[in-house]
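Working notes, beginning with the structure itself.
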There are 2 protein chains.
Amino acid sequence: MVPQTTVAAMKSTIPESGVPIAKPADSGPERSEPSLHGEILSRLRDYVVEGNIPDGGRVPERQLCEMFGISRTPLREALKVLAAEGLIDLLPNRGARVRQLGKRDLEELFDVMGGLESLAGRLACETITDEEIAEIERLHYEMYGHYLHRNMHNYFQANQRIHERIVAASRNETLRTIYANLAGRIRRVRYSANFARERQRWTEAMREHEGILDALRRRAGSELADILFQHLRNKRTAAVEHLGGMPEGAIAEATEG
Amino acid sequence: MVPQTTVAAMKSTIPESGVPIAKPADSGPERSEPSLHGEILSRLRDYVVEGNIPDGGRVPERQLCEMFGISRTPLREALKVLAAEGLIDLLPNRGARVRQLGKRDLEELFDVMGGLESLAGRLACETITDEEIAEIERLHYEMYGHYLHRNMHNYFQANQRIHERIVAASRNETLRTIYANLAGRIRRVRYSANFARERQRWTEAMREHEGILDALRRRAGSELADILFQHLRNKRTAAVEHLGGMPEGAIAEATEG
DNA sequence: AAACCAAAAAATGAATGCAAAATGGTCGTG
DNA sequence: CACGACCATTTTGCATTCATTTTTTGGTTT
């Protein structure tokens, strides 16, 4: 994880577990990047990612200031960063809105995530240990159990963790950071839209995961890369089909506030 | 350009016209991020990327304010964004410094770029037109000419453009944006360090490029993905070897201005 | 002479204030 | 009754101001 919040002084020290973007990728041991600005950033990012604001809705500057008990300056800085991360859109003089993900955006995001996971798998095959594979195997069978019990929620969590483990096994912090960023962008969709449709390809997904595990065991890098990309491509199809009827970028004008 | 070098004493009431700026993470229907804030962001980013500040050197807030003719507030916002992009480091109460790229950082960056180009190639094979391939072929032979004439500079430019074309052919704006971001991060190194060593593998690189072109012609997606990743992996080796002797993250403590 | 401590000076981080632009509502007119 | 102009309120963007923190500098001590 990327700790960019360790202030233990005045404000409420919240151990953010959110989505870090690019703080670091530093190779040194100087972890812990305090700054109380990062605190706000993390909290605001979580607030947005968790879906407290409707899709495409306005991000009330003033309101959030009171909510966090700060002035507008640090909040606006955080907004700029969130815009750079792609979570919100910053319109000229019209304030901030949470980014609308249209069909095309989702396709692109899933493809890039596919590419990153593909890369992660390839890199992982170079240096992954038997213990790490064993851990992933454990998660895999756990996930299989949830599949058999038709426990969608737990299945999904195990699934996510497997993919995170693969990314972690790539031993590339830069990759991990970018991956986390993209994951944050589609998290809203993942938990709402993706669910329903994904169920219909449970069996197919499980089979793909077996292939992933198999390739990983054999350290077959480029083969694993292919499988992972295709796996995400299938996920993409499922996710996009879910909001198939809707036009480009108009999921909901949504009542704000 | 919008001349906004206004004296601090005066009000700067400039009717900024909509100048679309190369803003990160922008995909979807409503692109174009005008605002004079984006203007500052772009200019500052260029200023850093172009290498006007020594590696690891301080980013003088006050000085830049005068330079751009603005107050600290918008500049600090831009700094936050640049930090999020990974171009600079923001130390708690100690100001901003241009990020030091150590050996490990370079390895990670090249690998991720490899993953992204690999993805781009894979995607490109799905939809690339004959015309686009022809254009890349043209660049390829142009590059070959420079290779024969031992014209390093032109060779390198053509090379860059080929890779850019492939990324463009992926028709994925999200990918293109992330790729551009990473490219910006290593640009300093690319033009200084990379040169010398890269020369020694010219022949090898040319051969790899032929393979790329061949796979692209046949629209062999996963094959192209493999080749591109390996190609970047070799570049990585060359680049890293160049600053091989140096310890982790200490390329130069650099005398700052 | 080197190290250490203290106070001044500079810089950073955040808050407030103010002008311009946008939003919303009302009134007037066709 | 519908449409458009006008004005008040709200919001955004930037500059300025204030409070800490860091860094430097000068003097002192060992």
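Just so we're on the same page: letters track the sequence lines, and every chain starts at 1.
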Rounded distance in Å - [atom1] ([X]) to [atom2] ([N]):
X: B:His37; N: D:dC14; atom1: NE2; atom2: P; value: 8 Å
X: B:Leu90; N: C:dA11; atom1: CG; atom2: P; value: 17 Å
X: A:Ile70; N: D:dC18; atom1: CD1; atom2: C1'; value: 17 Å
X: B:Leu75; N: C:dA11; atom1: CG; atom2: P; value: 14 Å
X: B:Lys80; N: D:dG13; atom1: NZ; atom2: C1'; value: 17 Å
X: B:Glu66; N: D:dA15; atom1: CD; atom2: P; value: 13 Å
X: A:Glu61; N: C:dA21; atom1: CD; atom2: C1'; value: 14 Å
X: B:Arg72; N: D:dA19; atom1: CZ; atom2: C1'; value: 12 Å

Taking atom CD of B:Gln100 and atom CG of B:Asp105, what is their separation to the nearest 0.5 Å?
->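 Result: 9.5 Å between the selected atoms.
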Interatomic distance, CZ@A:Arg165 vs OG@A:Ser170, rounded to 0.5 Å, equals 13.5 Å
Please walk me through it: do B:Leu119 and A:Phe229 pass side chain to side chain contact (heavy atoms under 4.5 Å, CB included)?
-> CA-CA 9 Å; B:Leu119 169 64; A:Phe229 175 76; 3.5 Å; yes
Spell out, as yes or no, whether a donor-acceptor pair under 3.5 Å connects the side chain of B:Arg97 to the backbone of B:Gly56.
->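 Here the side-chain-to-backbone pair exists.
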Which listed nucleotide (C:dT16, D:dC14, D:dG13) is nearest to the side chain of A:Arg76?
-> D:dG13
State whether a side-chain donor-acceptor pair under 3.5 Å links A:Glu164 with A:Tyr179.
->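 The criterion, which ignores hydrogens and geometry beyond distance, is not satisfied for A:Tyr179 and A:Glu164.
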Which atoms of nucleotides 22-24 of chain D (N or O only) lie under 3.5 Å from a protein N or O atom, and what are those distances?
none

Assign each of A:Pro74 and B:Ala96 the nucleotide of DNA chain C bearing its closest heavy atom; nearer the 5' end lies the nucleotide of B:Ala96
Are the charged groups of B:Glu107 and B:Arg104 less than 4.0 angstrom apart, N to O?
-> yes
Can you check whether B:Thr73 has a side-chain N or O nearer than 4.0 Å to OP1 or OP2 of D:dC14?
-> no
